[in-house]
Novice: 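Just passing along the structure, written as structure tokens.
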Protein chains: 2
Amino acid sequence: MARLHPASATAELIRLRRRGRRDPELSRDIILSAARDEFVEHGLNGARVDRLARRIGASKNLIYHYFGSKDGLYLAVLEGIYRGMRESQDDAKLRQLPPVEGMRRLVANTFDHFARTPALIRLMSIENIHYARHLRRSKAVRTLYPSLLTTISALLAGGQATGEFRRDVDPIDLYISVASLAYFYLSNQYTLSWIFRQRFAAPKRLAQRRAHVVAVILGYLQNRD
Amino acid sequence: MARLHPASATAELIRLRRRGRRDPELSRDIILSAARDEFVEHGLNGARVDRLARRIGASKNLIYHYFGSKDGLYLAVLEGIYRGMRESQDDAKLRQLPPVEGMRRLVANTFDHFARTPALIRLMSIENIHYARHLRRSKAVRTLYPSLLTTISALLAGGQATGEFRRDVDPIDLYISVASLAYFYLSNQYTLSWIFRQRFAAPKRLAQRRAHVVAVILGYLQNRD
DNA sequence: GGCTTAACTGACCAGACAGTCAATTAGAGC
DNA sequence: GCTCTAATTGACTGTCTGGTCAGTTAAGCC
């Protein structure tokens, strides 16, 4: 298991490596961290193993030594990203909260996590461009979601019992909607910024969007039919 | 201006070309149509000019003759896709409808258009992976949106006047939300299908999603604050 | 038929790129 | 110090790929 290093401190890791002795785990982490940057920046087909090797100041062979192939490296990066998401999620707490408050936090947390982790958005987009061909090989990722759905269902049921939430809500559709509202805004911010002449990445604009997203989901849920 | 040919009937066009005489416009259309398929399938970096040439049964030089470069070809495809979107949108009609009905149709139309045009979703994703570098060179695309925003603002104002819609809604945020809810479901269907073990592309599931999206937007808007 | 222009092509190239071979070097256990 | 294993590398390679050169062929016009 790789040791914990600050997420994208690739440069820092490289400095560490240069002065230290041989250290396979450190090297592995450096490759992974730099590879994530490379894939995030250029996509799967645009990423270059040669450039990556130059980036980390090591030979290309080292990369092949640890990860076998470009695809293998990409998969490792992908799994790391999902693992990070899982660790940061911890939605279980939210189940204890009053339904409205719990739901509000769930939406806000999702938004904040996406906004804070641009790599996640980009890699998910890239993976979908490739029809999830790689992700399908990794079983680990799926284990994240049952717990999330349990939380959503519990909050929904709670709110429906008190009459605060509408009925007839599919938890999966609801989760997809929560993710959508944050994801699309971020993933497509480049075309959107151009079209609407706004800087969607600006902190103030982000805060506005965050509030809007919370309002949409809660507005929808609290609208009794 | 290119003549109108059914959107993705690349094979049909090629047959036409083989029996006919030289016809630059037809050739141009064939290249564009096949290039769209190629880019949609493989992305910008994954697309191969050689494969495209083989696909259309013409020499690679012909492609360069008409479009100058791979990037030029990609931009032409991109503009074609946005032009198609503009033509199919015709939201102006909706302004005349009662607000709730107009909004419902707007959401449903957006969803249907996205669902019907997978190429649109994929190319927008691809373009955002590339930070909208190409789209920014094309001014034409932006002209689509002012009219859309006018429609949304009109419907909003109408609904607010009758007390059917909440106040304090930013039309741009609202539009982004409408697009989000359809787009993300479709663009990320590959990872989502894997994670949730559902076939999100199945007609029944699509209909469920469509209803959900309409309910979310209208539920939000009709929730008076 | 001759002339001009544009459609269209075969052959080729220089650089890039994923991946490999065969070797060297450093650390760990004895 | 010796041996074993794993980390690490320089030098290559076969293939692919966007792009070009120098032409040939067809259509339009007089």
Side-chain angles (χ1 to χ4, degrees), chain A residues 1-3 13-35 37-39 41-77 126 130 133-134, chain B residues 1-3 13-35 38-39 41-78 126 130 133-134:
Chain A
M1 192 52 50
R3 280 165 294 175
L13 288 177
I14 291 171
R15 246 193 32 220
L16 253 174
R17 181 174 192 266
R18 254 199 274 278
R19 18 205 91 240
R21 305 213 280 323
R22 286 192 170 188
D23 185 340
E25 275 186 53
L26 181 58
S27 296
R28 222 171 178 281
D29 287 359
I30 288 173
I31 295 173
L32 269 179
S33 169
D37 298 349
E38 178 73 17
F39 285 123
E41 222 169 295
H42 301 282
L44 176 52
N45 280 308
R48 297 288 167 248
V49 181
D50 280 301
R51 183 169 42 205
L52 173 59
R54 229 179 310 129
R55 239 176 176 167
I56 62 181
S59 72
K60 202 165 47 158
N61 314 41
L62 197 61
I63 297 164
Y64 283 92
H65 176 63
Y66 285 116
F67 297 98
S69 68
K70 189 184 174 183
D71 261 39
L73 177 58
Y74 172 75
L75 183 58
V77 168
I126 291 164
H130 293 276
R133 196 184 333 129
H134 311 85
Chain B
M1 196 46 55
R3 281 166 293 176
L13 289 177
I14 291 171
R15 246 192 34 218
L16 255 175
R17 181 174 190 265
R18 254 200 274 278
R19 18 204 94 238
R21 305 213 280 324
R22 284 193 171 186
D23 184 339
E25 274 185 53
L26 180 59
S27 296
R28 222 174 178 278
D29 286 0
I30 287 172
I31 295 173
L32 270 178
S33 169
E38 178 72 17
F39 284 123
E41 222 168 296
H42 302 282
L44 176 53
N45 280 309
R48 297 291 169 245
V49 181
D50 280 301
R51 182 168 45 204
L52 174 58
R54 229 179 309 128
R55 239 176 176 166
I56 61 180
S59 73
K60 201 165 49 158
N61 313 41
L62 196 62
I63 297 164
Y64 283 92
H65 177 62
Y66 284 115
F67 297 99
S69 69
K70 189 184 175 183
D71 262 38
L73 177 59
Y74 173 75
L75 183 58
V77 168
L78 202 62
I126 290 164
H130 292 276
R133 195 183 335 130
H134 310 86

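When reading the values below, keep in mind they use all heavy atoms of this one structure, side chains included, and skip hydrogens, waters and symmetry mates. Letters A, B, ... are given to chains in the order of the sequence lines, protein chains preceding strands, and every chain is numbered from 1.
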Novice: Between Phe67(B) and Arg28(B), what is the shortest heavy-atom contact and its length?
Specialist: CE2-NH2, 3.8 Å
Novice: Have a look at Ala47(B) and say if it touches a base, only the backbone sugar-phosphate, or nothing, with a 4.0 Å heavy-atom cut-off.
Specialist: sugar-phosphate
Novice: Can you name the atoms? Protein N/O to nucleotides 12-16 of chain C N/O, anything below 3.5 Å, with the distance.
Specialist:
none

Novice: Looking at dG18(D), dT9(C), dA18(C), which one has an atom nearest to any side-chain atom of Lys70(A)?
Specialist: dA18(C)
Novice: Between Val49(A) and Ser59(B), which is nearer to the 5' end of DNA chain C once each is assigned its nearest nucleotide?
Specialist: Ser59(B)
Novice: Nearest whole angstrom, please: distance from the C1' of dT9(D) to the CD1 of Ile63(A).
Specialist: 12 Å
Novice: In whole Å, what is the span from the OH atom of Tyr64(A) to the P atom of dA7(D)?
Specialist: 18 Å
Novice: Considering non-hydrogen atoms only, spot the tightest contact between Leu62(A) and Ile31(A) and give its length.
Specialist: O-CD1, 4.2 Å
Novice: With a cut-off of less than 4.0 Å, is there a side-chain N or O of Tyr66(B) near OP1 or OP2 of dA6(C)?
Specialist: no
Novice: Expressed in angstrom and rounded to an integer, what is the separation of Ile31(B) atom CD1 from dA7(C) atom P?
Specialist: 11 Å
Novice: Output all residues satisfying side-chain contact (heavy atoms from CB on, under 4.5 Å) with Ser69(B), sequence neighbours left out; order by chain, then residue number.
Specialist: Asp71(B)
Novice: Donor-acceptor pairs under 3.5 angstrom involving side-chain atoms of residues 42-53 of chain B: please list them, not counting sequence neighbours.
Specialist:
{"from": "Arg48(B)", "atom 1": "NH1", "to": "Asn45(B)", "atom 2": "O", "distance (Å)": "2.8"}
{"from": "Asp50(B)", "atom 1": "OD1", "to": "Lys60(B)", "atom 2": "NZ", "distance (Å)": "3.3"}
{"from": "Arg51(B)", "atom 1": "NE", "to": "Glu38(B)", "atom 2": "OE1", "distance (Å)": "3.4"}
{"from": "Arg51(B)", "atom 1": "NE", "to": "Glu38(B)", "atom 2": "OE2", "distance (Å)": "2.8"}
{"from": "Arg51(B)", "atom 1": "NH2", "to": "Glu38(B)", "atom 2": "OE2", "distance (Å)": "2.8"}
{"from": "Arg51(B)", "atom 1": "NH2", "to": "Gly46(B)", "atom 2": "O", "distance (Å)": "3.0"}

Novice: So, OP1 or OP2 of dA7(D): does either fall under 4.0 Å of a side-chain N or O from His65(A)?
Specialist: yes
Novice: Expressed in angstrom and rounded to an integer, what is the separation of Asp50(B) atom CG from dC17(C) atom P?
Specialist: 16 Å
Novice: Roughly how many Å is it from CG in Leu62(A) to P in dT8(D), rounded to a whole number?
Specialist: 5 Å
Novice: Rounded to the nearest Å, what distance is computed from the CZ atom of residue Arg54(A) to the C1' atom of nucleotide dT9(D)?
Specialist: 17 Å
Novice: Can you tell if the side chain of Leu32(A) reaches within under 4.5 Å of the side chain of Tyr66(A), non-hydrogen atoms only?
Specialist: no
Novice: Measuring from Ile56(B):CD1 to Ser33(B):OG, what's the distance to the nearest 0.5 Å?
Specialist: 10.0 Å
Novice: Round to a whole Å and report the spacing from CZ of Phe67(B) to C1' of dC8(C).
Specialist: 15 Å
Novice: What is the distance, to the nearest angstrom, from the CG atom on Asn45(A) to the C1' atom on dA18(C)?
Specialist: 12 Å
Novice: With respect to the phosphate group of dA7(C), does any side-chain polar atom (N or O) of Ser27(B) fall under 4.0 Å of OP1 or OP2?
Specialist: no
Novice: Please enumerate all residues that pass ring-ring contact (aromatic ring centres under 6.0 Å, His included) together with Tyr74(A), with sequence neighbours excluded.
Specialist: Phe39(A), His134(A)
Novice: Write out a two-atom table: protein N or O, nucleotide N or O from nucleotides 21-23 of chain D, distance below 3.5 Å.
Specialist:
{"from": "dC21(D)", "atom 1": "N4", "to": "Asn61(B)", "atom 2": "ND2", "distance (Å)": "2.8"}

